[in-house]
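Read through the structure below, which is laid out as structure tokens, and then see the notes.
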Amino acid sequence: MNPVASLRDTISSSLRAKRGSPCMDCHRPSAFAMTAVLRTIGIGLLAVLVAAAAQAAEVKLRILETTDLHMNLLSYDYYQDQPTDQYGLARTLSLIKSARAEAPNSLLFDNGDLLQGNPLGDWVARVKPLQEGQVHPAYKVMNAMAYDAANVGNHDFNYGLEFLHRALAGANFPYISANVYIDDKDKDSAQARHAFTPYLLLEREFRDAQGQNHALKIGVIGLVPPQIMQWDKTNLEGRVVAHDMVEVAKKYVPEMRAKGAQLVIAIAHSGFEKGEVGLFAENVVSRLAQIPGVDAILFGHAHSEFPGKGFANYPRVDIERGTINGVAAVMPGRWGDHLGVVDLKLENSSGSWKVTDSRASIRPVFDRVNRKSLADADPSVEQAISDEHAQTLAYLRDKIAFSSAPIYSFFAQVSDDSSVQIVSNAQIAYVKRAIQGTDYEKYPVLSAASPFKAGGRQGSTNYTDIPAGPLAIKHVADLYVYPNTLKALLLSGAEVKEWIEMSAGQFNRIDPQGPAQQALVNSGFPSFNFDTLDGVTYEIDVTQPARYAVNGTLAAPESHRVKNLRYQGQPISMDARFIVATNNYRAYGGGNFPGLAAAKVILDAPEENRQVLIEYLRMMDVLGPGKQVNPSADRNWHIQNVPGVRMVFFSASAAQKHLARHPDIQWLKDNGDGSALYQLKP
Ligand code: MN
Ligand code: MG
């Protein structure tokens with residue numbers, strides 16, 4: 001930079017500012033003030049002051065984040081087969097356009113979990129697989145949006161590395177991931193080679209309030225939970241290894257600074273946990289915020305909203321400003337239901353650029369309270385992928401069977417339920433066929449399955465609700481929303497019992513001497529970890545403390561909630577052997593269930609659980625009585641009554657229409673927001 005030209009520009013722009021509309025937050029000395037200085041102090045000292053002023057500038061930078069889009073490019077609910085105004089990148093795009101129009105300088109990043117998560121994603125990966133050289137529909141949309149960079153999320157590995165690289169090749173913006181390395185098997189971490197570009201030093205010109213441009217180098221680092229090695233073991237083992245996110249960030253943030261980064265943004269596909277965050281933790285944002293040199297954190301993975309009331313009591317959080325440990329941070333929900341906005345004020349008066357103020361916020365596409373849209377769908381998205389969308393719909397509407405009863409998940413957290421039962425029925429049938437003629441044939445086959453759509457933080461529309469009648473693939477996709485693959489484990493009776501004990505941690509402890517009304521379900525327990533086991537019968541005593549904490553640690557070693565665990569009417573022996581069908585997530589340790597590990601897997605099927613379900617329904621349709629599928633639950637488990645206590649829980653108010661089928665459940669009151677309070681009847 002030429003110091004003389006710069007000095008001239010500074011003074012003349014100050015004069016402009018004075019003559020024109022007042023510069024409300026101009027921090028630099030005005031020419032008027034300089035004249036006063038000139039009168040009172042010597043020329044030599046003035047020269048020093050002016051030289052400092054010549055360097056001083058203030059730049060406002062807006063950073064935008066999308067995360068966990070899960071292929072919700074359009075605002076379309078493929079499971080209900082109807083448009084929605086509650087999410088979709090087409091709507092976020094409208095917010096991006098207005099956020100850009102308000103700010104002279106902006107950057108846009110995506111934080112991953114982009115390629116998987118809805119039938120459109122499956123269609124591109126599995127039904128009509130993306131070919132080499134084709135542009136994935138995600139990038140047909142995003143390439144036109146001028147993203148600056150994007151991070152890889154854990155679900156982006158779900159379809160395997162070949163698919164991931166083939167898809168990423170179609171992006172016209174760079175991808176980063178710093179903690180995934182190529183598995184070179186030599187254990188020499190000094191030689192470790194990255195599987196992706198670890199970080200970027202983006203060179204951008206930003207304009208200050210006086211219209212002057214400043215070249216800045218922005219370091220951007222990407223991180224993904226190392227748990228990908230469990231969750232996508234089949235896809236990743238022997239190919240890549242994942243390191244601890246915080247350790248890797250601690251290594252590279254100083255390196256980016258040393259290479260000239262004047263601002264560092266951490267894009268972490270990772271959530272924000274309140275408590276202690278150890279090595280190889282999944283949700284590390286609290287620790288990233290403590291790494292010196294990190295100026296802003298764009299996070300996600302947990303599908304929650306930061307800044308937001310839910311985080312108000314977290315340590316070192318400022319909900320108003322949107323900071324964690326003073327660092328600007330944002331997590332814009334999921335599926336494009338929010339845009340993340342971080343506004344930074346940067347100043348270089350000290351000789352180097354520093355963030356002097358920040359404000360982070362999330363902008364919703366939908367007003368949940370007043371039930372109205374806040375962002376129109378940008379028509380360019382539908383134009384870009386109309387063909388892929390139409391073919392996905394045709395695939396989804398393909399009828400495969402006929403169901404004699406409705407299938408819904410409204411009560412799946414508190415009683416045996418058809419949406420979980422039908423998955424287990426299909427898994428048991430598959431495993432029994434697969435082990436025919438093998439040494440394993442002699443063992444009883446059980447199945448574990450959980451409700452994936454059970455309200456909770458995803459809201460009261462997040463339930464399966466399929467009417468009796470024709471079943472199409474869209475219904476199966478709704479019953480089984482993850483592209484998991486089927487696994488079966490060989491376990492002891494004791495291990496089967498501990499599995500159910502871990503699941504039973506979903507329930508709050510009910511005090512028989514306590515209040516007349518007590519909440520039954522712990523909302524902090526993910527419903528996808530509430531496995532129920534079919535093939536055995538049992539009861540759950542919720543007056544006992546949970547044997548396991550939500551994170552899988554043994555919390556109450558003396559406590560047993562599982563009662564009367566029986567196989568074919570007989571109490572099971574702790575050293576009997578069982579084969580249990582489940583999915584790759586659980587079999588490889590997802591959810592930290594006690595005793596479940598890769599070493600116990602005896603059937604490592606490549607088939608997706610939902611493909612297993614599709615084949616099962618097709619078969620039932622051919623073989624079943626009257627060619628109908630009966631999805632009724634077999635009521636193999638229930639919660640023991642607690643005399644004198646009303647055990648209450650939330651479900652959708654829409655669940656009321658099914659109450660006639662549930663003599664054990666009673667409606668108590670509507671909450672006016674789509675949810676209602678119910679109780680288990682004594
Ligand atoms: Mn996600
Ligand atoms: Mg059952």
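The model shown is predicted, which means the values in this text are computed figures rather than measured ones. In listed order, ligands and their atoms are each counted from 1.
Not counting sequence neighbours, the partners of Ser450 by the side-chain contact (heavy atoms from CB on, under 4.5 Å) test are Phe452, Phe528, Asp531. Applying the side-chain contact (heavy atoms from CB on, under 4.5 Å) rule to Ala150 yields the partners Asp110, Phe173, Tyr175; only residues at least two apart in sequence or on another chain are considered.
The 12-atom threshold is not exceeded at CD of Glu276, counting heavy atoms of other residues, nucleotides or ligands nearer than 6.0 Å.
With hydrogens and angles ignored, the 3.5 Å screen pairs a side-chain donor or acceptor of Asp156 with a backbone N or O of Gly153.
Checked against a 6.0 Å centroid threshold, the rings of His303 and His70 count as neighbours.
Sorted by first then second residue, the salt bridge (charged side-chain N to carboxylate O under 4.0 Å, His left out) pairs that include residues 159-171, not counting sequence neighbours, are Glu132-Arg166, Glu162-Arg239.
The distance cut-off of 2.8 Å around the Mn ion (ligand 1) captures these protein N, O or S atoms, sorted by chain and number: Asp68 OD1, His70 NE2, Asp113 OD2, His303 NE2.
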